[in-house]
Each structure stands twice: as structure tokens, then as C-alpha cells.
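Report on the structure given below.
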Amino acid sequence: MNNRKSFYVTTPIYYVNDKPHIGHAYTTILADVLSRFHRDKNDDTFFLTGTDEHGQKVQESAEARGIAPQEHCDNMVKHFKENWEKLNITNDFFIRTTFDFHKKTVQKILQQLWEKGEIYESEYGGYYCVGCERYYTEKELEDGKCPQHQKEPEYIKEKNYFFKMGKYQDWLINYIQLNPNFIQPEHRKNEVLGFLKNPLNDLCISRPKSRLKWGIELPFDNKYVTYVWFDALLNYVTGIGYGQDQEKFNKFWPANYHLIGKDIVTTHCVYWPTMMKAIGIPMPKTIYAHGWWLMDKAKMSKSLNNIVSPLDLIDTYGVDSVRYYLIRDMMLGQDSNFTEDNFTTRYNAELANDFGNLANRVTTLIKKNYDSVVPFPQETGDAENDLINTAKTLSDNVYKKIEDFKLNQATDEIISFIRSINKYMEITQPWKLVKTDKESTGTILYIATEALRLGAQLLHPIMPTKIESLLKALPLDDKKNKFSWGVLKPGEKIDAFDSLFPRIIKKKKPAPQKQKKPEINLITFEEVGRVNLITAKVLAAEQIPETNKLLKLSVDTGLEKRQIVAGIADHYSPEEILGKNIVIVANLQPAKIRGVESQGMLLAAKKGKKLRLITIDGDIAPGASVG
RNA sequence: GGCGGAGUAGCUCAGUUGGUUAGAGCAGCGGAAUCAUAAUCCGCGUGCCCGGGGUUCGAAUCCCUGCUCCGCUACCA
């Protein structure tokens with residue numbers, strides 16, 4: 001038996017209906033970089049990603065396209081696979097929840113839990129919103145409607161199956177407290193503990209097939225399928241052979257890391273652990289929630305329209321440099337800003353100037369003065385020994401940072417080392433020395449090149465393609481440990497290679513216009529006419545009970561009295577507004593806000609926190625048209 | 001309003017369990033050098049570490065409180 005350490009890392013399985021975006025890409029790159037670091041260290045590594053393919057939305061999308069759900073999934077999953085290929089992702093397996101073995105194992109687990117009494121059936125009545133795929137309590141409904149979709153939910157009374165999650169509450173709290181690394185970073189852990197201060201309910205894990213067909217059938221009741229999360233979370237164990245290949249499972253479980261985005265903390269830190277506890281699976285070592293990438297401060301997510309495909313970035317800048325930037329720039333666990341300017345600045349400074357240029361100058365010197373043959377190193381002095389000593393501890397330091405999940409610091413460590421090689425060059429000035437002392441110069445160039453090689457080696461997990469091309473150009477001794485000193489073989493040819501990271505010529509900055517111009521969509525005169533603005537006089541005003549911002553106004557429009565709800569209580573008291581001549585939109589569709597009907601909308605000017613009403617200059621009867 | 005995050009050098013941010021003169025990168029200024037991708041190297045920072053209290057021999061770091069900004073959400077038709 002070998003005694004290689006095992007390393008198992010997962011990404012969430014992505015909902016197959018989503019288009020891959022930077023959020024997916026980031027988690028996946030992160031997992032890939034970690035995997036590659038461990039592979040380079042010769043750990044027995046397993047990296048799992050995949051897609052979550054069941055659920056109502058998939059069913060609906062497939063119906064809309066007039067194809068079978070499975071076919072729909074098969075089509076959609078390609079987007080992810082293509083993306084990961086472009087990003088140079090080296091997952092060991094791509095799990096899909098529609099794989100047969102996954103479904104079988106999920107069913108097996110459900111059956112076991114059912115037999116153990118961890119799952120029970122219960123009558124459940126509730127308001128179900130199809131859009132949300134969930135039940136609402138009466139309290140949560142607004143005016144009898146789903147707060148998300150503003151649609152009336154159906155009241156459904158039906159039998160369902162529940163997982164006894166609640167009974168594990170105390171155990172879970174205790175477990176989290178006793179295992180500080182279980183949920184990372186720290187503030188996420190506190191968040192979960194905060195969540196667990198409230199009573200933990202049992203989890204409804206079934207959906208009747210009458211509503212949802214596209215799912216895994218409950219083994220003990222074929223009229224139901226299982227709730228998507230229950231199905232999806234189990235991928236982490238089925239993906240490495242749980243219930244199928246126990247030897248493999250035992251080798252990799254418990255997982256070292258479940259990487260997740262901060263939006264799915266509860267499912268992973270509450271549902272999943274209690275499920276594992278009930279099944280009898282040991283807990284994973286660490287669940288790590290990272291932050292979001294912000295695009296000029298706006299959140300990049302599927303719910304907003306500012307999706308920037310990672311592929312766009314790659315086509316412009318190359319995969320490796322994008323991977324480098326993402327790993328280098330994010331403090332894990334916190335949100336981070338992406339701007340093209342940040343990117344080019346870092347790229348030019350670190351990749352082009354520090355790293356790429358060093359590679360170029362060193363090899364050029366060897367080429368010119370040593371006929372492209374790596375010189376033999378001779379005696380070393382202080383400058384050399386300093387550099388060599390740093391080099392010898394470098395990989396340990398880097399790996400320590402990796403273990404601590406400080407990837408940006410690990411990267412910084414490597415780049416600092418690269419900088420110190422540049423410094424060494426300046427101190428020793430081989431281009432000058434070569435004229436008088438070719439032997440010593442040879443030593444200097446050997447040391448600089450070998451140091452570069454070591455630094456490059458450590459960057460390999462982050463920028464696999466570029467680094468491989470660099471390492472290929474150097475003659476290396478394969479028998480030596482690649483993180484040790486002296487792998488570069490003297491006396492052998494070194495290939496010249498093109499500039500690794502060509503400088504990016506920065507686009508000249510547009511004049512620093514802080515005020516970004518709001519985009520103006522031109523509309524026609526006719527469209528303006530569709531909005532019926534009139535004057536109105538405020539007859540009465542009162543605060544709507546149990547609200548902070550809402551005033552109920554009664555206004556005279558000349559023809560009638562109307563009731564308008566306005567969110568201006570922060571700025572106007574009822575007394576202040578009384579008797580004012582204001583401007584309202586008269587032909588706006590009425591709406592109920594907090595149960596109070598609003599038959600129009602008043603106009604006000606707002607900037608920042610300041611809000612002032614549009615009022616009439618002078619006297620004019622209510623109902624006058626405004627235009 | 002609720003929940004969450006953040007306020008440290010011109011900009012982007014580090015600051016581990018409280019401990020010596022608070023750091024890095026970028027930008028800026030001055031210089032050296034010319035092997036190299038107009039790259040590199042050296043030198044240059046009196047920063048109320050958001051304010052106010054407190055704990056302590058000692059706080060950017062812990063506690064309380066206030067302010068500001070951002071995200072999500074809710075009651076801003």
C-alpha cells in the first residue's frame with residue numbers, strides 16, 4: 001500500500017439550467033488550483049464537480065422547448081463542460097444527478113433512512129407557490145400573494161415525507177463549536193450558529209409527482225420524488241463511490257474541502273451535516289464559503305443581468321492570466337472587485353515585468369554568452385546563498401499558506417521571490433561581469449535560472465499552460481524532487497522562448513469622469529403622452545400602522561378623491577404634507593401595498609437620501625394636466 | 001426597518017492569539033543601470049488605523065456606543 005495522503009475537494013454541483021458565470025467559474029478554478037497543488041505534491045487527489053439536474057425549472061424549460069427533460073439536461077450540461085475545458089479544469093469526475101448510479105444510491109439512502117425512522121410521513125397543508133417551488137406560511141404571504149412572484153399561491157393539503165432534521169439541532173451546534181475548522185471562514189460559522197439559535201424544523205424531502213415528475217422517485221412511495229437538495233447534496237459521496245465502490249469512497253472521504261459560495265451556506269452547513277449524521281457518514285473536514293466577485297461593485301449573479309462570461313475574459317487575456325488574477329486578487333471569504341484596470345495593472349506589474357521579463361533576460365544572457373548551454377555553477381557567495389536559502393524554504397512556505405487557505409498570500413510569496421531574483425541580477429550584474437569573469441557569471445546565471453525555475457514550478461497549479469511551456473524550455477533533472485534546489489541541468493541546451501506575458505498596452509483612460517452618465521433611452525413624444533400627470537391637492541394624510549415609510553394620502557384630483565400610498569414618511573410628516581398641491585400619475589394601475597390600495601403615484605425628486613415633493617408654483621385647481 | 005459586510009497611506013488592500021518606530025503592491029517624485037517585454041534596481045510616507053467611551057501596563061486588534069458606505073431583503077406604483 002502506498003502512504004500518499006489523500007485530498008478530496010468539491011465544488012457545488014451547478015444547476016443545469018444556469019448559464020455558467022464568473023461565480024461558477026471562480027469556485028471551479030479555486031478547486032482546480034487546490035487540486036493541482038496537491039497533485040504536484042504527489043497527494044492522491046480527487047476533484048469533483050458536476051451538475052444538479054432535477055427540479056421543477058428543468059422540467060418546465062424542457063416542456064417549453066418541447067423536449068424530454070433528460071435531453072434538455074444533456075444539452076445544457078455541455079455549456080459547463082465546454083467552459084471548464086477552456087478554463088483548464090482538471091476535475092477527476094463530472095457528476096450529474098441524472099446518472100443511474102447516483103439515483104440508485106440516493107434511493108438506497110432514502111430507503112435506509114425510512115427504515116431507520118429518520119423519515120416520517122405527515123399531512124401538510126400550506127400555500128404553495130409554483131414559481132418558488134416552496135410553501136409559504138400565512139404570515140409570509142403578502143395580501144395573500146407570494147412575496148416573490150406576486151401570484152396567489154395554491155392552498156394544498158397533502159401528505160409529504162419529512163426528514164427528522166430538528167432532532168439534530170443540539171448535536172450540530174455542539175459539533176460546530178467543537179470543530180472550529182468545520183465551517184470557514186469564521187464569520188460564516190457564526191452566521192450558522194446564529195441561524196441555529198432558532199428552532200430547527202424538520203425538512204420536507206418529498207414532492208408529489210402530480211406537481212413534479214422530474215426527480216428521483218422515493219423508493220417507499222412511488223407517487224413522490226425527492227426534494228432537489230436532498231438529491232443534490234448526496235453527490236459529494238456518490239461521486240466518489242459511496243454505495244458502489246466502498247474502497248474508493250474510504251480512500252477519499254471525509255472530504256478536505258467543500259467549496260461553496262456564500263449563498264448556499266445554510267444548505268451545506270445545516271441540511272447536509274444533519275443528513276450525514278442520520279445516514280452515518282463522517283463529517284467533511286471543512287466547508288469553505290468564499291465571497292463574490294463584484295463587477296465595478298455590482299454583484300455578479302444569475303439574478304442580475306450583468307453577467308460577464310468568464311470566456312470573454314479569457315479570449316482577451318488568456319486563461320492563465322485570468323486564473324492568476326482571480327487567485328491573486330481575492331481575499332478568500334470576502335468579496336472582491338473585478339475591473340479591467342485592476343487586472344491589467346497586476347498583469348503588467350507581476351506577470352509581464354517581474355516574471356516574464358526575468359525569464360527573458362536570463363535566457364537571453366545564456367543564449368548570447370553561453371551559446372544557449374546552461375553554465376555549470378561554481379563557488380557561491382553571500383548574495384547567492386541568500387537567494388538559495390530563500391529558495392529552499394519557498395515551497396514549504398507556499399504550501400503552508402495553501403493549507404491555511406491563503407492563496408493570495410501564497411501567490412504573493414512566489415512573486416516576492418521572483419522579485420528577489422531580479423534584485424539578485426541587479427546586485428551581481430552578470431551582463432557586465434561576463435566581460436571579465438565568465439566563470440562567475442556562469443554561476444550567477446545558473447542560480448538565477450534555477451531560482452526562476454523553482455518559482456515557476458510553484459506557479460504551475462495556477463497557470464498550468466504557460467508554466468509548462470516555460471519548464472519545457474529548460475533542461476531538467478526528472479529524478480530530483482521538483483521543489484528542491486538544483487533541478488536545472490547544467491551543460492545542456494536551454495530553449496529560447498517567446499515572451500511569456502506580453503505587456504498589455506493600457507487603453508488610455510477616459511478622462512476621470514466620476515459622474516457616470518445615466519444611460520438615456522430616448523422615447524417618443526407619444527410615449528410621454530401615455531403617462532397622465534395631473535395636479536392634486538392633499539386632503540388627508542396618515543401613517544399606515546406598522547410601517548415605517550408609508551403614508552396613506554387622500555388627494556383631490558378635481559374629479560374625485562383618491563387614495564395614494566407613498567413611501568415618504570421618512571421625509572414628510574402627515575401634517576407637513578397636508579394641503580400641498582402635488583403632481584401625481586393618474587393612470588397608473590392600482591396596486592395594494594401592505595394591504596392598502598394605492599390609486600396612483602406621486603412625484604418627488606430624490607438624490608441620495610434627500611427627497612422633496614414636486615409641488616405647484618402658484619395656484620392652480622386640482623386636476624390640471626401636467627406636461 | 002431587518003440581516004450581512006466594510007471603514008487603515010492618493011488608489012487597491014494586508015495586518016494572524018492585543019506587545020517594540022502600523023505594512024505591501026500600484027501610482028508619484030529623485031537617482032542608478034542598459035542583459036531584458038519603454039522592463040529592472042535603489043531612495044523618498046508627521047497615515048487623528050471613521051468618531052466617542054471603556055477594559056488593559058499596553059488596542060488598528062477586545063467590549064459598548066455613534067456615524068458613513070455597500071450588498072441582500074422588506075413596506076419605498
Side-chain angles (χ1 to χ4, degrees), chain A residues 140 142-143 147-148 186-188 190-191 194-195 262-263 265 291-292 294 297-299 301 303-304 328-331 333-337 339 341-342 344-346 348-369 404 406 408-409 412 415-416 418-435 441 444-445 448 498-505 543-552 564-571 584-585 587-604 606 608-609 611:
Chain A
E140 286 174 306
E142 285 163 18
D143 194 28
Q148 285 287 317
E186 187 87 10
H187 61 267
R188 297 292 164 210
N190 295 335
E191 221 174 275
F195 177 85
K262 64 182 184 183
D263 52 334
V265 167
W292 298 120
L294 309 176
K297 302 279 183 188
K299 184 178 129 193
S301 92
S303 56
L304 297 176
R328 173 76 173 103
D329 222 56
M330 182 178 269
M331 271 289 292
Q334 250 159 326
D335 289 351
S336 210
N337 281 310
T339 65
D341 202 48
N342 285 351
T344 44
T345 300
R346 213 177 256 298
N348 278 342
E350 297 176 2
L351 295 183
N353 297 352
D354 291 338
F355 185 66
N357 182 51
L358 173 67
N360 192 348
R361 68 196 297 208
V362 165
T363 48
T364 305
L365 282 166
I366 294 180
K367 188 177 167 190
K368 280 188 183 168
N369 299 298
D404 288 348
K406 291 180 174 158
N408 59 337
Q409 285 184 26
D412 187 56
I415 284 298
S416 297
I418 298 289
R419 287 202 187 101
S420 71
I421 306 172
N422 273 320
K423 191 170 183 168
Y424 171 71
M425 295 284 283
E426 293 303 318
I427 293 168
T428 54
Q429 310 204 341
W431 52 90
K432 236 184 215 172
L433 190 66
V434 74
K435 291 169 192 158
T441 308
I444 292 165
L445 290 180
D498 295 334
S499 59
L500 265 185
F501 299 98
R503 261 182 90 76
I504 297 172
I505 311 295
Q543 180 107 19
I544 298 175
E546 288 170 43
T547 71
N548 298 314
K549 289 190 184 171
L550 299 185
L551 291 185
K552 183 171 81 179
I564 288 180
V565 177
I568 55 170
D570 282 354
H571 307 275
I584 66 166
V585 180
N587 59 341
L588 184 65
Q589 195 178 346
K592 273 200 177 175
I593 303 159
R594 262 319 239 212
V596 180
E597 174 143 328
S598 182
Q599 303 156 325
M601 164 182 170
L602 60 71
L603 299 190
K606 187 178 181 190
K609 293 229 148 164
L611 182 145

| query | Going by heavy atoms in the side chains, are A/N422 and A/R361 under 4.5 Å from each other? | reply | yes

Produce the list of close N/O pairs, under 3.5 Å, pairing protein atoms with atoms of nucleotides 23-25 of chain B; give distances to one decimal.
none

| message | Could you tell me if the side chain of A/N357 sits less than 4.5 Å from the side chain of A/R503, heavy atoms only? | response | no

| request: May I ask you to verify if any side-chain N or O of A/K367 is less than 4.0 angstrom from the OP1 or OP2 atom of B/rC35? | output: no

| message | Measuring to OP1 and OP2 of B/rC42, would you say a side-chain N or O of A/K423 lies under 4.0 angstrom away? | response | yes

| said: Please determine whether a side-chain nitrogen or oxygen atom of A/R361 lies at a distance below 4.0 Å from atom OP1 or OP2 of B/rU37. | reply: no

| task | Taking A/N369 for its side chain and A/L365 for its backbone only, find out whether a donor-acceptor pair lies under 3.5 Å. | result | yes

| task | Take atom C1' in B/rG18 and the same atom in B/rG5, then report the distance between them in whole Å. | result | 23 Å

| request: With the side chain counted from C-beta on, respond yes when A/T363 and A/K367 share a heavy-atom pair under 4.5 Å apart, and no when they do not. | output: no

| Counting distance only, does the side-chain N/O of A/D354 pair as donor-acceptor with the main-chain N or O of A/I418 below 3.5 Å? | no

| task | Ignoring the backbone of A/E426, work out which of B/rA14, B/rA33, B/rU40 is nearest its side chain. | result | B/rU40

| request: Go ahead and name the base partner of B/rA14; Watson-Crick or wobble counts if both distances stay under 3.5 Å, otherwise write none. | output: none

| query | Between A/N408 and B/rA14, does any side-chain N or O lie under 4.0 Å from OP1 or OP2? | reply | no

| message | Taking the minimum atom-to-atom distance to the side chain of A/M601, which one of B/rA77, B/rC42, B/rC35 wins? | response | B/rA77

| query | Whom does B/rU40 pair with, Watson-Crick or G-U wobble, provided both distances fall under 3.5 Å? | reply | B/rA32

| task | Measure distances between side-chain N and O atoms of A/N360 and base N and O atoms of B/rA36, and say whether any donor-acceptor pair falls under 3.5 Å. | result | no

Please produce a list of atom pairs where a protein N or O lies less than 3.5 Å from an N or O of nucleotides 28-30 of chain B.
none

